[in-house]
*Asks:* 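Submitted below is the structure of interest, expressed as structure tokens.
Numbered from 1 within each chain, the chains take letters A, B, ... in sequence-line order.
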2 protein chains.
Amino acid sequence: MNIKHNKEDVLKTGLGMFCNKGYNSLGIDEICKVTGMTKGAFYNAFQSKEQFLIEAILLYAKNNVNRIKAQLQPRKKLSAYERLYQFYINMLEVQPKVNFMGCFINNIMSELGSANEKVGLAATKAFDEFIDAIEPTVKEAQQNKELNSKWKARQMTELFHATFYGSLTRAKSSKDHQQSIKTIKLLFNNLKTTK
Amino acid sequence: MNIKHNKEDVLKTGLGMFCNKGYNSLGIDEICKVTGMTKGAFYNAFQSKEQFLIEAILLYAKNNVNRIKAQLQPRKKLSAYERLYQFYINMLEVQPKVNFMGCFINNIMSELGSANEKVGLAATKAFDEFIDAIEPTVKEAQQNKELNSKWKARQMTELFHATFYGSLTRAKSSKDHQQSIKTIKLLFNNLKTTK
DNA sequence: TTATTTGTACCGACCGTTCTGTTTGATTAT
DNA sequence: ATAATCAAACAGAACGGTCGGTACAAATAA
């Protein structure tokens, strides 16, 4: 294995670039320039650009599942509902600071999901892992009677995340994350149990 | 103006290609080949690929606003709520037949929304026009007391559409529109007034 | 005639990838 | 300990192809 360039570091940098530029408009030359790699080293470490992307998706999924679990973990005085709510609102509030890049998985799904089977599978798997990580907190909020229990926790999680992604994409284009926040707030208000 | 190739026809074809392949992976050569145009004619009619895309967005917006209004128009025995519901379900059900291409506006927002200001503006405008076209039916459903009136019709429309887009993108990648349909159904059930 | 539109060759830039050759560092033989 | 060997890692030029866009002459329309 290389000394100067371990795969994880390069993937991390490449992932950040994919997040900002998408797949097709980011070239390997650019990745090499930023990471200080040469093409020889790149193609020794990765078999293709497509495979590089897939490995970047896996890294993103791993990191974010951890982040999700950390942010949703029970903490001081916050109920399951409140943690969920803050989790989504926070991701929207941070958008102006990250140039409205949105969510990498959603971007990749949109750009390549239907055109490239391997990539589509990897992105779908990442999405499923996010749902897996969020679902327990939704269930907890239902057991708390904070969230409506009329529907399965998994389905409700799917609804939360789909709405989040949709409003995120809108914000990416309009550069108005306030609208997205309103949308998420409306959804939460709606699924809340009436006390 | 050209005889063989009026702009609207070429735009229509190019739009279809953009829907299937996105922006960056569709070349002008390919557009010319499919439409039977030559590059000379193309660049005589359109000033750039970017401008071509923007005109395609305008065409898509126009066509779809009309389609939306037609589909949501009062018809035999269908309440406002039912028309809305069928409108969204139908767009999801049709996805397998259109290779899970999703919604052009959503795809473009995701691919170029934050990177290209002009395109982002055009896509946002198209989105707004969709919301404008749907909102009256949401309001009507509220007045019917089919939909919860606790929130503004416009905000509810934003919620419907964001959820629709998010679940559409998921379907594009997973090729499972049934999940998306469940998500939309859950949302509708939730916003329905309890009788 | 004059103005516009079209066909085609072509431009430089860039694409992902492969190639050849070199360096490296550990392993093995002496 | 030193030398020989070897595979992996690396550098980076070069490849064939495609990109969006242009030049310009031929064709057509006014």
*Asks:* Applying salt bridge (Lys or Arg N to Asp or Glu O under 4.0 Å), which residue pairs with at least one partner in residues 80-101 of chain B are found, sequence neighbours left out?
*Replies:* B:Arg83-B:Glu140

*Asks:* What class does the angle between the rings of A:Tyr60 and A:Phe104 fall in, given that below 30° is parallel, 30 to 60° is tilted and above 60° is perpendicular?
*Replies:* perpendicular

*Asks:* Roughly how many Å is it from OH in B:Tyr43 to C1' in C:dT6, rounded to a whole number?
*Replies:* 16 Å

*Asks:* Please report, rounded to the nearest Å, how far the P atom of D:dG21 is from the CZ atom of B:Phe46.
*Replies:* 13 Å

*Asks:* Grab the NZ-P distance between B:Lys49 and C:dA13 for me, whole Å please.
*Replies:* 19 Å

*Asks:* How close or far is atom C1' of C:dT18 from atom CZ of A:Phe42, stated in whole angstroms?
*Replies:* 14 Å

*Asks:* Does any pair with a residue in residues 109-140 of chain A pass ring pair (Phe, Tyr, Trp, His ring centres under 6.0 Å), and if so which ones, sequence neighbours excluded?
*Replies:* A:Phe127-A:His161, A:Phe127-A:Tyr165

*Asks:* Which of residues 19-30 of chain B sit near DNA chain D, with a heavy atom under 4.0 Å from it?
*Replies:* B:Leu26, B:Gly27, B:Ile28, B:Asp29

*Asks:* Determine: side-chain N/O of A:Lys39 to OP1/OP2 of D:dG12, distance under 4.0 Å, yes or no.
*Replies:* no

*Asks:* Between atom CZ in B:Phe52 and atom P in D:dC19, what is the gap in whole Å?
*Replies:* 15 Å

*Asks:* Only counting residues at least two apart or in another chain, list the ones meeting side-chain hydrogen bond (donor to acceptor under 3.5 Å, both in side chains) with B:Thr137.
*Replies:* none

*Asks:* Round to a whole Å and report the spacing from CD of A:Gln51 to C1' of C:dT17.
*Replies:* 15 Å

*Asks:* Roughly how many Å is it from CG in B:Asn44 to P in C:dT6, rounded to a whole number?
*Replies:* 6 Å

*Asks:* Which residue pairs pass the salt bridge (Lys or Arg N to Asp or Glu O under 4.0 Å) test when at least one of the two sits in residues 155-165 of chain B, sequence neighbours left out?
*Replies:* A:Arg170-B:Glu158

*Asks:* Quick one: which residue pairs count as a salt bridge (Lys or Arg N to Asp or Glu O under 4.0 Å) with a foot in residues 101-120 of chain A, not counting sequence neighbours?
*Replies:* A:Glu50-A:Lys118

